Amino acid sequence: MTRSSSTKIVRTVAELREWSRSLRAADGPIALVPTMGALHAGHASLIRAAASTAPGRVAVSIFVNPMQFGPNEDFARYPRSFDADCALAESAGASLVFAPSVEELYPNGAATFVEVEGLDNRLDGHSRPGHFRGVATVVAKLLIAAEPDLAFFGQKDAAQVAVLRRMVCDLRLSTRLVVCPIVRDPDGLALSSRNVYLSAAERARALTLSRAVRHIESLVASGQRSASVLIEEARKVFAAEPAARVDYIELVDWSTLLPVDTATPGTLFAVAASVGSTRLIDNTILR
Ligand code: PAF
């Protein structure tokens with residue numbers, strides 16, 4: 001175990017489990033914030049939310065999970081900034097950073113996987129086969145190791161949240177998932193570790209996603225409920241910026257990720273598009 005000022009850094013599942021079990025003797029919840037590092041203000045908001053509910057009892061995991069990347073995706077170049085991540089985690093209120101190796105989480109290659117059938121091939125799971133199997137598998141490992149009362153995730157990965165909620169329910173895990181709002185730059189771009197890939201020109205084009213989200217929110221606020229009309233309207237926003245190549249535009253039930261005909265409170269409007277070689281996502285939960 002090493003220490004960056006007041007935040008412990010541990011590398012093994014045994015150390016994470018020991019930390020959690022030692023705290024369990026005292027009152028109060030234990031919280032986990034799973035991340036892949038390259039932390040930004042969105043992650044800081046998750047850690048702060050965790051620390052306000054579980055002060056002094058927040059673990060942040062930092063693990064670029066190879067299993068959730070496809071063969072032609074950005075695993076090798078995914079941004080890694082461990083020292084800055086530890087500093088940000090600490091300043092946001094983390095007590096412990098869990099930074100395992102691949103071998104620690106996938107010993108001997110590992111042969112056990114978690115699949116959330118029916119959800120893991122929807123939205124990003126459709127475009128990125130195997131992605132949600134990788135996410136569900138690693139998050140299950142983290143929840144089993146840390147046994148947190150609460151685990152914090154961002155709404156930006158709304159389909160991931162649906163997959164993980166179903167996994168936690170099906171596996172009868174006792175952790176409650178807490179979903180925190182999307183954090184945006186002042187111009188509307190949803191924060192993402194992948195935004196660092198964008199050139200200035202691409203960044204301007206990337207605003208098409210948040211523009212589409214705001215357009216759909218305002219149409220719904222003015223009474224439009226038809227999914228086909230709303231999706232067509234979002235397509236028009238993307239048509240004005242052909243350099244943002246649409247992957248999907250969907251209105252779905254947030255639990256099942258299945259398409260709906262009519263937007264109702266709680267419906268998920270989600271978009272994914274590529275700008276240059278960077279794939280971006282954004283969404284809103286309709287009111
Ligand atoms: O949202 C992420 O950063 C990752 O998918 C997660 C949940 C940390 C699993 O690797």
Side-chain angles (χ1 to χ4, degrees), residues 13 16 31-47 49-50 58-70 73-82 84-86 88-89 92 94 96-102 104-106 110 113-116 119-120 122-125 127-146 148 150-168 171 173 175-183 190-197 257 270 272 278-283:
V13 166
L16 175 64
L32 175 71
V33 185
T35 81
M36 296 207 301
L39 302 185
H40 50 63
H43 296 110
S45 77
L46 301 181
I47 301 168
V58 177
V60 173
S61 62
I62 297 179
F63 179 65
V64 186
N65 175 30
M67 212 193 138
Q68 68 188 75
F69 290 79
E73 293 184 354
D74 57 342
F75 174 69
R77 71 173 185 136
Y78 194 84
R80 288 161 172 89
S81 50
F82 186 67
D85 290 349
C86 289
L88 182 145
L96 180 118
V97 167
F98 174 54
S101 64
V102 173
E104 178 67 15
L105 280 195
Y106 296 100
F113 306 101
V114 178
E115 288 184 9
V116 184
L119 275 81
D120 62 5
R122 301 278 309 131
L123 304 184
D124 309 282
S127 324
R128 304 179 65 192
H131 170 66
F132 285 135
R133 182 180 191 246
V135 171
T137 299
V138 80
V139 173
K141 286 170 188 271
L142 294 169
L143 297 185
I144 291 167
L150 305 162
F152 288 72
F153 295 91
Q155 184 201 305
K156 190 176 137 278
D157 296 296
Q160 167 173 285
V161 166
V163 168
L164 295 177
R165 278 180 172 152
R166 184 64 198 258
M167 178 192 82
V168 163
L171 295 181
L173 299 177
T175 304
R176 184 162 69 82
L177 304 192
V178 182
V179 182
C180 296
I182 297 175
V183 178
L191 296 193
S192 162
S193 302
R194 290 188 167 96
N195 289 352
V196 297
Y197 298 152
L257 298 182
T278 308
R279 186 176 182 279
L280 300 164
I281 57 176
D282 203 343
N283 70 76

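Start at 1 and go down the list; that is how both ligands and their atoms are numbered. Here the structure is a predicted model, which is why all the values come from computation and not from measurement.
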Open item on the list: Using a 3.5 Å distance criterion without hydrogens, assess whether the side chain of Arg122 forms a donor-acceptor pair with backbone atoms of Leu257.
Closed with: yes
Task: Contacting atoms of ligand 1, where contact means under 4.0 angstrom from a heavy atom of Val138 - done: 9 (C), 10 (O)
- [ ] Using distance alone, with no hydrogens and no angle criterion, decide if Asp124 and Gln160 have a side-chain donor and acceptor under 3.5 Å apart.
- [x] no
- [ ] Assess whether ring-ring contact (aromatic ring centres under 6.0 Å, His included) is satisfied between Phe69 and Tyr78, documenting all intermediate values.
- [x] CA-CA 10 Å; Phe69 290 79; Tyr78 194 84; 5.7 Å; yes
Task: Residue Gln68 vicinity, atoms of ligand 1 by number, heavy atom under 4.0 Å - done: 4 (C), 5 (O), 9 (C), 10 (O)
Task: Atoms in ligand 1 flagged as close to Pro34, the criterion being non-hydrogen separation under 4.0 Å - done: 8 (C)
Open item on the list: Salt bridge check, Asp74 against Arg194: does any charged N sit closer than 4.0 Å to a carboxylate O?
Closed with: yes
- [ ] Work out which heavy atom in Glu104 is nearest to a heavy atom in Ser101; give both atom names and the distance.
- [x] N-OG, 3.0 Å
Task: Geometric N/O contact Thr35 with ligand 1, under 3.5 angstrom - done: no
TODO: Could you list the atoms of ligand 1 found under 4.0 angstrom from a heavy atom of Gln160?
DONE: 1 (O), 2 (C), 4 (C), 5 (O), 7 (C)
